[in-house]
Amino acid sequence: MLGRAIGGLGRIYKTQHNLTYIDDETYRRKILTQLNRGESRHSLASAVFYGKKGELHQAYREGQEDQLGALGLIVNAIVVWNTRYIETAIDSLKITGYDISDVDIQKLSPLGYEYINIMGIYYLNLPAEIKNGKLRTLLL
């Protein structure tokens, strides 16, 4: 009996969600925004996890967890890197007097990766500004 009661509660919440989704355009936009963010994160993870066509090849669970943990670490590092540079770019624009609205800032995403050299040659000779702990110069 208790299982049916709990199942009924789930249907009530699902029905409320469906009715709100149909009736409220703002709610639909929020749902779409969240779906797009999830897809962007998945796209970034797919680009990073290009080896062996993005398939896990460890025969044991711990090995798969290690692979996924490493993938999560790299994706998070990219997000932190992008967030730091987005913040710097916004601050730079504000200093020059450019008016940036909060609405525009909310639309920015740290999930971009088009400019990241995921597969290729890496140069580890760092420019002096980066060696000293500064960020690369922004090209505005």
Task: Among I22, N18, D23, D24, the one residue meeting side-chain contact (heavy atoms from CB on, under 4.5 Å) with T20 - done: D24
- [ ] With rounding to the nearest 0.5 Å, note down the distance linking CG in L71 to CG in D66.
- [x] 12.5 Å
TODO: Answer yes or no: does atom CG of D102 have more than 12 heavy-atom neighbours from other residues, nucleotides or ligands under 6.0 Å?
DONE: no
Task: V80-Y115 co-clustered via ILVMFWY side chain contacts under 4.5 Å - done: no
Open item on the list: Under 4.5 Å between side-chain heavy atoms, counting indirect links through other Ile/Leu/Val/Met/Phe/Trp/Tyr residues: same cluster for Y21 and Y13 or not?
Closed with: no
- [ ] Would you confirm whether D104, through its side chain, and I100, through its main-chain N or O, come within 3.5 Å as a donor-acceptor pair?
- [x] no
Task: From S109 atom OG to I86 atom CD1, the distance as rounded to the nearest 0.5 Å - done: 6.5 Å
- [ ] Report yes or no: does R41 contribute a side-chain atom to a donor-acceptor pair with the main-chain N or O of L111 at less than 3.5 Å?
- [x] no
TODO: Start with the C-alpha distance between T88 and R84, add both sets of side-chain angles, then the distance that settles side-chain hydrogen bond (donor to acceptor under 3.5 Å, both in side chains), and finish with yes or no.
DONE: CA-CA 6 Å; T88 301; R84 182 69 177 102; 3.1 Å; yes
Open item on the list: Just checking D99: does its CG atom have more than 12 heavy atoms from other residues, nucleotides or ligands closer to it than 6.0 angstrom?
Closed with: no
Open item on the list: Quick check on the hydrophobic clustering: are L135 and I95 connected, directly or via other members, by side-chain heavy-atom contacts under 4.5 Å?
Closed with: no
TODO: Can you measure from CG (L68) to CZ (F49) and round to the nearest 0.5 angstrom?
DONE: 6.5 Å
Task: Whether Y85 side chain and R136 backbone form a donor-acceptor pair below 3.5 Å - done: yes
TODO: Quick one: pull up CD1 in I12 and NE2 in H17 and give me the separation to the nearest 0.5 Å.
DONE: 15.5 Å
Open item on the list: Quick check: is Y98 connected to L108 through a chain of hydrophobic side chains (ILVMFWY, heavy atoms under 4.5 Å apart)?
Closed with: yes
- [ ] State the OG1-CD1 distance between T26 and I31, to the nearest 0.5 angstrom.
- [x] 12.0 Å
- [ ] Keeping the roles fixed (side chain from S46, backbone from H42), state whether a donor-acceptor pair exists under 3.5 Å.
- [x] yes
Open item on the list: Working to the nearest 0.5 angstrom, can you tell me the gap between S40 OG and L44 CG?
Closed with: 9.0 Å
Task: Closest approach of N82 to P110 (non-hydrogen atoms, all atoms of both residues) - done: ND2-O, 2.8 Å
Open item on the list: Measuring only between side-chain heavy atoms, which start at C-beta, is K94 closer than 4.5 Å to I90?
Closed with: yes
